[in-house]
Amino acid sequence: MSDEIRRNMALFPIGIVMKLTDLTARQIRYYEQHELIVPARTAGNQRLFSLNDVERLLEIKSLIEKGVNIAGIKQVLLPIEKNSDDATVINEQTEVARKELTDSDLHKYLKRQLRTKRPGQVSLIQGELSRFYNK
DNA sequence: ATTCTGACA
DNA sequence: TGTCAGGA
């Protein structure tokens, strides 16, 4: 259960997330407006993304590339629960941690992701999914 | 140096 | 979506 906290802990600013996902800041902010992601905020109103946020963004990116629009993605990506979101609350501890571990922890995580091959979690009937495609 | 919101030649 | 302005 402790891993869940680490996973939902807000760590990196948009700049790093951009490199991680190859998405532009514009896109990332746009997806947030459509509630596809709900990154935490610092006292200075800066976005802080968790590993889960990054994963969701990668899923979003994948779907966008396949031509799925926002409406379709909202059906695929489970809506953000209000309860488990409290882990993204920012306190002085995470604030300090963020400054220290940003790249090192990230690389550690990415390596784990590389060997933890996971099957495309997307599971929707093609017919139903096609309803959300742009063309 | 970075990021944020709003707006559109 | 890109990009620029103007502020934090």
Side-chain angles (χ1 to χ4, degrees):
Chain A
M1 199 60 91
S2 178
D3 186 51
E4 264 302 301
I5 296 177
R6 294 183 66 84
R7 182 157 302 194
N8 286 314
M9 178 165 56
L11 297 176
F12 12 74
I14 198 168
I16 292 180
V17 177
M18 288 175 68
K19 295 180 180 177
L20 260 46
T21 63
D22 283 302
L23 289 171
T24 65
R26 180 76 165 81
Q27 292 177 300
I28 296 173
R29 291 169 185 144
Y30 178 75
Y31 301 148
E32 177 187 19
Q33 286 191 299
H34 289 270
E35 302 177 277
L36 265 37
I37 52 172
V38 185
R41 295 286 183 139
T42 65
N45 197 40
Q46 305 266 111
R47 268 169 271 252
L48 283 187
F49 302 77
S50 68
L51 292 173
N52 279 332
D53 290 328
V54 175
E55 289 186 345
R56 288 180 71 88
L57 283 171
L58 289 175
E59 285 293 336
I60 293 169
K61 180 193 174 193
S62 171
L63 293 170
I64 288 294
E65 293 175 330
K66 289 178 177 170
V68 184
N69 58 41
I70 301 298
I73 295 177
K74 283 184 178 178
Q75 312 305 307
V76 180
L77 256 22
L78 301 180
I80 294 82
E81 309 105 52
K82 297 182 182 296
N83 281 322
S84 63
D85 242 7
D86 49 60
T88 62
V89 172
I90 314 150
N91 53 48
E92 286 145 50
Q93 291 174 47
T94 61
E95 191 60 40
V96 173
R98 185 178 65 76
K99 298 174 183 296
E100 301 174 350
L101 97 209
T102 300
D103 264 29
S104 63
D105 230 46
L106 175 56
H107 291 160
K108 190 185 305 176
Y109 175 76
L110 291 179
K111 285 185 178 179
R112 192 167 71 67
Q113 287 299 301
L114 288 180
R115 54 182 185 65
T116 305
K117 297 180 180 178
R118 49 205 165 154
Q121 312 167 339
V122 182
S123 61
L124 273 190
I125 306 171
Q126 279 297 316
E128 285 299 314
L129 193 59
S130 67
R131 180 152 60 95
F132 300 105
Y133 278 60
N134 302 304
K135 181 183 69 291

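Proteins come first, then strands; the chains are lettered A, B, ... in the order of their sequence lines, and each starts at number 1. What you see is a predicted model; the values in this text were computed from it and never measured.
- Between the CE atom of Met18(A) and the P atom of dT2(B) there is a distance of 11 Å, given to the nearest Å.
- Screening residues 32-74 of chain A for ring-ring contact (aromatic ring centres under 6.0 Å, His included), with sequence neighbours left out, gives Tyr30(A)-His34(A).
- Base pairing annotation: dT3(C) forms a Watson-Crick or G-U wobble pair with dA7(B), both donor-acceptor distances under 3.5 Å.
- The two residues Leu48(A) and Pro13(A) have their closest heavy-atom pair at CD2-N, 4.2 Å.
- Here the closest heavy-atom approach between residue Leu36(A) and residue Ile70(A) is recorded as CD2-CD1, 3.9 Å.
- Distance check, rounded to the nearest 0.5 Å: CG of Leu63(A) to NZ of Lys61(A) gives 12.0 Å.
- Across all strands shown, dA8(C) pairs with dT2(B); the Watson-Crick or G-U wobble distances both stay below 3.5 Å.
- Among the protein residues, Ile64(A) comes within range of the sugar-phosphate backbone only, with heavy atoms under 4.0 Å from sugar or phosphate atoms but none that close to a base.
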Would you tabulate the pairs of protein nitrogen or oxygen atoms and nucleotide nitrogen or oxygen atoms of nucleotides 5-7 of chain B closer than 3.5 angstrom?
from: dT5(B); atom 1: OP1; to: Arg41(A); atom 2: NH1; distance (Å): 3.0
from: dT5(B); atom 1: OP1; to: Arg41(A); atom 2: NH2; distance (Å): 3.0
from: dT5(B); atom 1: OP2; to: Arg47(A); atom 2: NH2; distance (Å): 2.2

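- Under the 3.5 Å distance criterion, the side-chain polar atoms of Thr21(A) are matched with a main-chain donor or acceptor of Val17(A).
- Following rounding to the nearest Å, Ile14(A) (CD1) and dA1(B) (C1') show an atom-to-atom distance of 15 Å.
- At a threshold of 4.0 angstrom between heavy atoms, the contacts of Gly44(A) with the nucleic acid are absent.
- At whole-Å resolution of the value, CG in Leu48(A) and P in dT2(B) are 16 Å apart.
- For the pair Gln46(A) and dT3(B), the criterion of a side-chain N or O lying under 4.0 Å from OP1 or OP2 is not met.
- The side chain of Tyr30(A) contributes no N or O atom lying less than 4.0 Å from OP1 or OP2 of dT3(C).
- A donor-acceptor pair under 3.5 Å is absent between the side-chain atoms of Gln75(A) and the main chain of Gly72(A), judged by distance alone.
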